[in-house]
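In what follows, every heavy atom counts, from backbone to side chain, and hydrogens, waters and symmetry copies are set aside. All chains are named by letter (A, B, ...) in the order of the sequence lines, taking the proteins before the strands, and each is independently numbered beginning at 1.
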Amino acid sequence: MAHKVNPDFFKELQKYGAGDINDCFNCGNCTAVCNLTDANAAFPRSMIRRIQLGMEDNLIEAPEPWLCYYCGECTDTCPRQAGPGETMATVRRFAVSKYDPTGLAGLMYRSPAATMIVTLVISIILTLFLIGSEESGSGPDWIFELVPYGAVHTLGLIISVLLGIVLVAGFVNIARHFLSGVGGVGFLVKRKPAQWRKAAVNVFCEIITMKRHGECQKDTEIDKPKILRQRFVHWCIMWGFFGLFAATVLDYIFIYLMGWEIFIPARILGTIAGIVMLYGVVVAIIKRFLGKETCSKSSFMADWWLLWMLFALTITGFWLEVAVTVEASNVVNDIVLLLHTVLAMDLIILLALTKIAHMVYRPVALLFYYLKS
Amino acid sequence: MSETQGQRVNGHIRERFDTLVVGGGIAGLESALDLAEQGYRVLVVEKEASIGGKMIALSKVFPTLDCSSCITTPKMSAVAHHENIEIATHTSVTAIEENAGTHRVELVRRPTYVDEDLCIGCSLCEEACPIEYPDPFEEGLGSIRAIAVPFTNAIPQKAVLNPEYCIACGACAKVCPTDAVKFDQEQLIYHVDADSVIIASGFTLNSVYLKPQYNAAMSRNTITPMQLERLLAPHGPYGRVLRPSDGKVPDSIAFVLCAGSRDQSIGVPYCSRVCCMYSIKQAILLSGAVPLADITIYYMDIRAFGKGHEQFYKNAQAMGINFVNGKVARIDNIENNDMSLRIENLETGQVEENRHDLVVLAQGIIPQPVKPDGLNAVAGDDGFVERPEIHRPAWTGMEGVFVAGVAAGPKDIVDSIMDAGAAAAEASGFLSRREEKGKMFF
């Protein structure tokens, strides 16, 4: 198949954080040192080679960038110190921008200022909508003086639908690209049912346990306690996020739709998920501050943005939980509620375009990888 | 300072030399001979117990496959017997100070606990000694007595006692026919003057433990190229090629090139220049020594730049030696003390794990760590001696100080010898200009 070559591709990729990959002399050390490479997936050198050759299309048709969890061993052992690990992260950022239909992701990755402006604009719109709404609901009035109870849920519903649309669009886009990488739909049709079943089970297990993530870091984090390893930290953030999302949905169903006073299981789930998330976020922030591990040495604006947003979200969440429990009514709590709501919605809108997108991309890439085996 | 040594300084060794040669390897010996032949008086200082350097331990040289010790031994002998050359072994140069147009040199002779003037090299002490330790000349593969002549063709043929292993039982002293064993010998510091200096301090090899991914510390069958040289040498430790862990004749041997050089992650960004060729040479010799073995050379790119090197490489390919393009990233120890090498085969783009029962890691060439005081200025960023002027290739930038061989950067034996000739020519020019000047004044 013919490929278009873009001679300026490396320059374009540098805007997404690519390091010194032109130093690479293609020795293959990075690919061989990686614990996740095998006969069906050889990276990062194959990706670096594509960048050096300017094979832009070919690059985003590859599922390999999404199989990498960035342990940093390739970067540590690279004879040319060309930063293959960081290059994989760069390719992921670039791919996200390419798959994103709105173009906002690319803008945010390329420019920290744009990230700030976009966040601010969306926050202002959300705030105006929340404060300006006259809608009321069945929630307690004392904390919903500033932000009407009904408005939160209506807006939340709208945003969830938007999230769904964006994720589906992302799914379609990435699947389209991966398919053209393996030569069309014929690849999927030819797989046997047993292969599909096995691949699906493997992907599901990976999402639950993050086993490959542990496999990835088995050499770099060998002397670290398990609870400080990347796998656990990432697992905490991911499941904390899911838990909080689930708790919010349960609250919506039982309290808003069914009119219960309080739904204890959702409250417990939310508290536990919040603690788990807070732990993951705090450890991740400390790791990035210390910058001792290769994978946390170079922090992109988007990385900090995500962590601080999550941090603020969890802290305001706990604040509200305390406020609700002791039924304290004051202006500060009203403002915290507004902040919390806006942050949550910001996150969902913007992350759908950038970081959350990998919740769709990684499983799809894994599915293609397992189907190939 | 014992009495004999004091006399030695005042009596046997002159205090003034035309040239001081730092290092008694092939480059140092060649420059010393070239200068001595022109009538200059030369002092060769060698830190080991014998001159001969690295080359005397090698099996054969590339690309001619000539016997290495057959070239080195006559040179060593010629130097030792030359009337214009003095040798100071077991001695290090600790300081060089420029002083009124000449160089004041401080030398430290570490004790050998054997009086060099009395010892006749009969080896009776060696036979009497009850202690054995891993032989440094055989790279730890064989063993040697705590008091012994360092190796068969060592020059000088004098016994040396290793205090780290000696238990001071006195068995050697009892049998010594000349009463040469001196347990109370002390370190000796003395000074000489030298008009010119040739640095031929050679090189050392970096550690095979530098890359934790290679697990060399945990493996008994990961060996160094110098160890393989000894295994291949006709007078080597076993007389044939056996792997260290169990004495088995290896049947699948891997050479890992660039294991210690061209790798910024271990601080050696430059090419060591000789590993490609000596590995090919060793592979060729191995296919003679163990004809049934599979031999694989893992390389990034083969640098066969010298005269006859490319043909040598082609011959090796034709002999059935397997060349695999790809840098070895991991070496894992598996059952039977075998090793599994993980590479990306660059011809197929596939990751491979290949099993071998003997692995040779091509270490990087790095400069000798200790530089005499006063000579630090001539070392470049990488530790090798700088040569600031391209039209004076042996000059270090310091008045009367020249460099020869690998001390100036990695190179093979042929280039080292040419370098040594150049350094001797420069030194001789410098010395004759100095004499001319002297005539003008007086």
Rounded to the nearest 0.5 Å, what separation is found between the [atom1] atom of [X] and the [atom2] atom of [Y]?
| X | Y | atom1 | atom2 | answer |
| --- | --- | --- | --- | --- |
| B:Glu344 | A:Phe43 | CD | CZ | 11.5 Å |
| A:Asn29 | B:Ile343 | CG | CD1 | 11.0 Å |
| A:Asn26 | B:Asn325 | CG | CG | 10.0 Å |
| A:Gln81 | B:Asp263 | CD | CG | 7.5 Å |

Between chain A and each of B:Ser265, B:Pro212, B:Gly326, count heavy-atom pairs under 4.5 Å; write down the option with the most.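 Of the options given, most contacts go to B:Ser265.
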Any donor-acceptor N/O pair, B:Arg342 side chain to A:Cys34 backbone, under 3.5 Å: yes
With a 6.0 Å cut-off (strictly less than), is the heavy-atom count around [atom1] of [X], excluding the residue itself, greater than 12?
| X | atom1 | answer |
| --- | --- | --- |
| A:Lys11 | NZ | no |
| B:Met319 | CE | yes |
| A:Phe25 | CZ | yes |
| A:Ile222 | CD1 | no |
| B:Phe305 | CZ | yes |
| B:Lys248 | NZ | yes |

Given a strict heavy-atom distance threshold of 4.5 Å, which part of A:Asn40 is in contact with chain B: side chain, backbone, both, or neither?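 Neither the backbone nor the side chain of A:Asn40 comes within 4.5 Å of chain B.
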Using non-hydrogen atoms only, which part of A:Thr37 is less than 4.5 Å away from chain B: side chain, backbone, both, or neither?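 Both the backbone and the side chain of A:Thr37 come within 4.5 Å of chain B.
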Which atom of A:Thr77 lies closest to which atom of B:Lys211, heavy atoms considered: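 That would be O-NZ, 4.0 Å.
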Nearest heavy atoms of B:Ala329 and A:Val33, plus distance in Å: CB-N, 3.3 Å
Who among A:Ala39, A:Cys30, A:Ala41, A:Ser46 has the most heavy-atom pairs with chain B under 4.5 Å? A:Ala39
Highest number of heavy-atom pairs under 4.5 Å with chain B among A:Gly28, A:Ala42, A:Ala32 belongs to A:Ala32
Answer yes or no: is there a side-chain heavy-atom contact under 4.5 Å between [X] and [Y]?
| X | Y | result |
| --- | --- | --- |
| A:Asp219 | B:Gln213 | no |
| A:Cys27 | B:Met300 | yes |
| B:Val351 | A:Thr31 | yes |

What part of B:Arg330 is in contact with chain A, defined as an atom under 4.5 angstrom from a non-hydrogen atom: side chain, backbone, both or neither? side chain
Is it the side chain or the backbone of B:Val268 that comes within 4.5 Å of chain A heavy atoms, both, or neither? neither
